[in-house]
**Student:** 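Okay, handing you the structure first.
Excluded from the calculations below are hydrogen atoms, water molecules and symmetry mates; all remaining heavy atoms, backbone and side chain alike, are included. If you read the sequence from its start, that first residue is 1, and numbering goes on from there.
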Amino acid sequence: MSHLLILPLFFFFFFFFFHLSYSQILPLNILNSTIKASSHETYIIHVRKPNSVQTFNAEDHRNYHKSFLPTHSLTSGEPRLIYSYRTAISGFAAKLTADEAIAIEKLDGVLHTIPDRLLSLHTTHISDFLNLHPKSCFMKDTNFGKGSIIGILDTGIFPTHPSFKDTGISHPPPNKWKGHCEFKPAMCNNKIIGAKSFVHGRKDPPFDSDGHGTHTASIAAGWLVKNAGVLETQGERLQANGCLASDVLAGIDQAISDGVDVLSISLGSTAIPFYDDAVAIGALAAIERGIFVSSSGGNAGPVPATVENDAPWMLTVGADSTDRSIRATVLLGSGEEFNGQSSYQPVGFTSVLLPIAYPGARGGSRAKTCSDGSLNRLNVRGKIVLCHTGGSNTSIEKGAVVTKAGGLAMILVNDEMRRSTVEAGVHVLPTSAVGYSEGARIVEYVTSTANPTATIHFKGTVYGASPAPAVADFSGRGPSAVNEGILKPDIVGPGVNVAAAWPFPVGPPALDAGNSTLPTFNIVSGSSASAAVLAGVASLLKLSHPDWSPAAIKSAMMTTADLLDRDGGVIVDETLGDAGYFALGAGHVNPTRADDPGLVYDLQPGDYVPYLCGLGYTDKQVSTITRQSVECSVFEAMVAEELNYPSISVAMGSNMEKTVMRTVRNVGEEEAVYSVQVRAPEGVEVTVYPEKLGFSELKQNRSFNIYFSTGNVGERRGTVAQGQLKWVSNKHIVRSPLLISFV
């Protein structure tokens, strides 16, 4: 089973054995400043490697990095040097004034200096939905993930939760494991094999006081816990302050040194150039050592160009739903019924129709969204209160406002942006959260009826809900704001209403009375959960195919992903319309098919150098990213669309022709013939040469050209057009998205 390493920032390492895992944690801290604490901030300084770096030990690195810093001390007495990185970047983090940072950047050997920045956190039935249940062939063939180490960079872990027990794991961590456990007394085991805290250089214990890290860790590599439930069955989209980039880099640095196989990163920020992006730079260092990096695409959707963690060497994961609904049905006095969701499923809630109070009927956004204090002058006692999402408080906090005002229950209506993405919150009172269209009909009834009434029927967990999967409203959307030549996100996976371990009780306080010793779980929505799911899948694929590179594993996932939902229709988004590639990427992950993709598109770390030069970066900027001296003049710079990526994104103007080449490797049958099938994007002619690819042995490469033309084609509609390219053999279908951006 997989082992878990936890690093609060916290950073966790999980030794992934499906139900069993090892972990290690690393937390995040912030140091005080110098001369005047208020005038000093943390900066990340990238430097050239010294010629003798191969013989450097940890102290040599620290002394080399200290040589760039001012000699005078901080008035607080704290050291200037916070982190001395050895693998994630060539550089260090230190406390400096703005003037000192400017002066340091002019020193010989300094490549780039950037201020630290805050990265936000991006946050069951999933295993069955993905056909990863214990009896599946894929799980058995990989021995449930035995021997794989998953590193979780997050807010810490609750180590005594039953999701992290090591029952049945008699084997110790692999010999490659170099980490250790910082819990005092030691709380690690053969599941959580390590835990370390990175909080701005402090030595805090890696306990999780937020919940995010415990949740994602148990998703990636936790035990299955029988009868696990949140409240009566088992949420809130997780929002947290986040982690500093300097601490995240320290976590990645440690994970690489400790020997993880897979790194799950569920945090990020607005897309910025890669030379300023600490996560992207650290991830490239991990990729170079064969570590697969699964990262969340962010929760800023459905606005276009909001996808985060968009470097091509990282797997960028969006969030979609499963077919599970935690049903809470609204019955109106008119007899109409509308299905909603709620994790809180009270037993014996009244079937008597109750009066409805609608604060929004009088106008005003604060009352409409049941913001703090907005119900003080309204009579809602003994009534069901109709509230809307949005405003200044969370969905859970709205319930507290209603309860304080004397309301008995709440109907929570999605705003227009969330549409049909309904989150099953762990509410503090009986609640039904409904979609936008259902909510509009409820509002119409309430505002057109003299004495509107309703009740809520709590029906527990229902499977087979439709449509599923569907891309969540919050899932970060493409195109990439800094790199439009690569389609992002890459793929989507379950990230809506995901039940997993939680370090403390949630829901109505009365339910926790007398149950403080029971294990706690929570339902959370966010791309954090999706990235953790894909990290677990990557761990299994890495075990099944130890010779595959991180790029090959990514390719296998993308080219076998599902584009149709469980009912055979196109996968939709929160509008219930076609999700499109900017929301869906290559599709919904299909782990079983990814284990046998037929062909893969591979990339080596060195392939990214001409790509970075092609982005127009300077030699210093490319050297900062790659941690090696680079002169772009010696490389033939490539545009992003020429990178050997599994998806194909091309910019085209009117009456333009363009050729893109791709290379695939045979990982299926020794002898195979693949024929091309193309669905051309509207407004574009597409031809492929050759039309057949023949293979006579495994690991054989074949290249092909794709010719695009916008001449002599009917009028196009919109700024982008979608199609697909498939290589089809007797056994395999290898699918790549085709995305044309018209310029």
Side-chain angles (χ1 to χ4, degrees), residues 5 7 9 11 13 24 26-31 34 42-74 78-96 100-101 103-116 151 153 176-180 182 194 196-203 244-260 263 275 278-289 291 605 620 623-630:
L5 162 65
L7 311 179
L9 290 278
F11 179 39
F13 298 136
Q24 170 172 5
L26 316 175
L28 311 179
N29 253 25
I30 302 175
L31 294 176
T34 61
T42 302
Y43 286 81
I44 299 171
I45 298 91
H46 298 264
V47 298
R48 295 191 188 281
K49 294 180 181 178
N51 294 331
S52 56
V53 68
Q54 290 82 3
T55 63
F56 270 27
N57 58 29
E59 189 60 29
D60 293 331
H61 273 277
R62 291 184 65 84
N63 290 334
Y64 174 62
H65 293 153
K66 284 180 180 178
S67 70
F68 293 95
L69 294 174
T71 56
H72 57 274
S73 302
L74 306 180
E78 294 175 308
R80 281 184 176 272
L81 186 66
I82 301 171
Y83 294 116
S84 176
Y85 306 112
R86 299 186 64 184
T87 53
I89 68 169
S90 174
F92 57 94
K95 283 288 187 182
L96 301 167
E100 288 170 343
I104 285 177
E105 188 154 23
K106 296 177 181 178
L107 295 177
D108 185 42
V110 175
L111 296 172
H112 193 42
T113 299
I114 55 174
D116 208 356
L153 202 59
K176 64 184 176 182
W177 171 244
K178 307 300 181 186
H180 62 283
E182 288 193 350
K196 187 167 183 176
S197 165
F198 295 101
V199 185
H200 224 50
R202 292 202 309 258
K203 296 296 183 182
L244 289 172
S246 59
D247 296 325
V248 173
L249 271 177
I252 296 174
D253 203 62
Q254 188 70 50
I256 294 171
S257 298
D258 286 350
V260 304
L263 194 56
Y275 52 80
V279 174
I281 296 172
L284 182 57
I287 293 296
E288 289 177 354
R289 289 157 178 81
I291 299 170
K620 272 194 171 184
S623 298
T624 295
I625 299 167
T626 61
R627 302 163 323 288
Q628 57 183 292
S629 181
V630 172

**Student:** Mind checking the CD1-CD1 spacing from Ile252 to Ile281? Nearest 0.5 Å is all I need.
**Tutor:** 10.0 Å

**Student:** Give me the atom names and distance for the closest heavy-atom approach of Ala245 to Asp116.
**Tutor:** N-OD1, 3.1 Å

**Student:** Where the side chain of Tyr85 meets the backbone of Ser246, is there a donor-acceptor pair that is under 3.5 Å apart?
**Tutor:** yes

**Student:** Let me confirm one number: the CD-NE2 distance from Glu59 to His61, rounded to the nearest 0.5 Å.
**Tutor:** 11.0 Å

**Student:** Find the distance between CG (Leu81) and NE2 (His65) and round it off to the nearest 0.5 Å.
**Tutor:** 8.0 Å

**Student:** For a quick test of reading the model, state the closest non-hydrogen atom pair linking Arg48 to Ser629 and the distance between them.
**Tutor:** NH1-OG, 3.8 Å

**Student:** Measure the spacing between CD1 of Ile89 and CG of Leu284 and express it to the nearest 0.5 Å.
**Tutor:** 12.5 Å

**Student:** Measuring only between side-chain heavy atoms, which start at C-beta, is Lys49 closer than 4.5 Å to Arg627?
**Tutor:** yes

**Student:** Strictly distance-based, threshold 3.5 Å: is any side-chain N or O of Ser623 a donor or acceptor partner for the main-chain N or O of Gln628?
**Tutor:** yes

**Student:** Taking all atoms of both residues into account, what is the closest heavy-atom pair of Lys620 and Val110, and its distance?
**Tutor:** NZ-O, 3.4 Å

**Student:** So Ile104 and Tyr43, do their side chains get closer than 4.5 Å, heavy atoms only?
**Tutor:** no

**Student:** Any side-chain heavy-atom pair from Lys95 and Thr42 closer than 4.5 angstrom?
**Tutor:** yes

**Student:** By the definition side-chain contact (heavy atoms from CB on, under 4.5 Å), identify the one residue from Thr113, Leu244, Ile82, Leu249 that meets it with Ile44.
**Tutor:** Leu249

**Student:** Would you say Pro605 and Thr626 make side-chain contact, with heavy atoms under 4.5 Å?
**Tutor:** no

**Student:** Output all residues satisfying side-chain hydrogen bond (donor to acceptor under 3.5 Å, both in side chains) with Thr87, sequence neighbours left out; order by chain, then residue number.
**Tutor:** Asp253

**Student:** Between CG of Leu111 and CD1 of Ile45, what distance do you get to the nearest 0.5 Å?
**Tutor:** 11.5 Å

**Student:** What closest approach, in Å, do Phe68 and Gly109 show between heavy atoms, and which atom pair accounts for it?
**Tutor:** CE2-C, 4.3 Å

**Student:** Tell me the closest heavy-atom pair linking Ser84 and Phe92, and the distance in Å.
**Tutor:** CA-CB, 4.2 Å

**Student:** Please answer whether the main-chain N or O of Ala58 pairs with a side-chain N or O of Arg62 as donor and acceptor at a distance below 3.5 Å.
**Tutor:** no

**Student:** Taking Ala255's backbone N and O only, do any of them form a donor-acceptor pair with Asp258's side chain (distance below 3.5 Å, no angle check)?
**Tutor:** no

**Student:** Tell me, do Asp247 and Tyr83 make a side-chain contact under 4.5 Å, heavy atoms counted?
**Tutor:** yes

**Student:** How about Ile114 and Tyr275: do any of their side-chain heavy atoms sit closer than 4.5 Å?
**Tutor:** no

**Student:** Kindly compute the distance separating NE2 (His72) from CD (Glu100), expressed to the nearest 0.5 Å.
**Tutor:** 4.5 Å

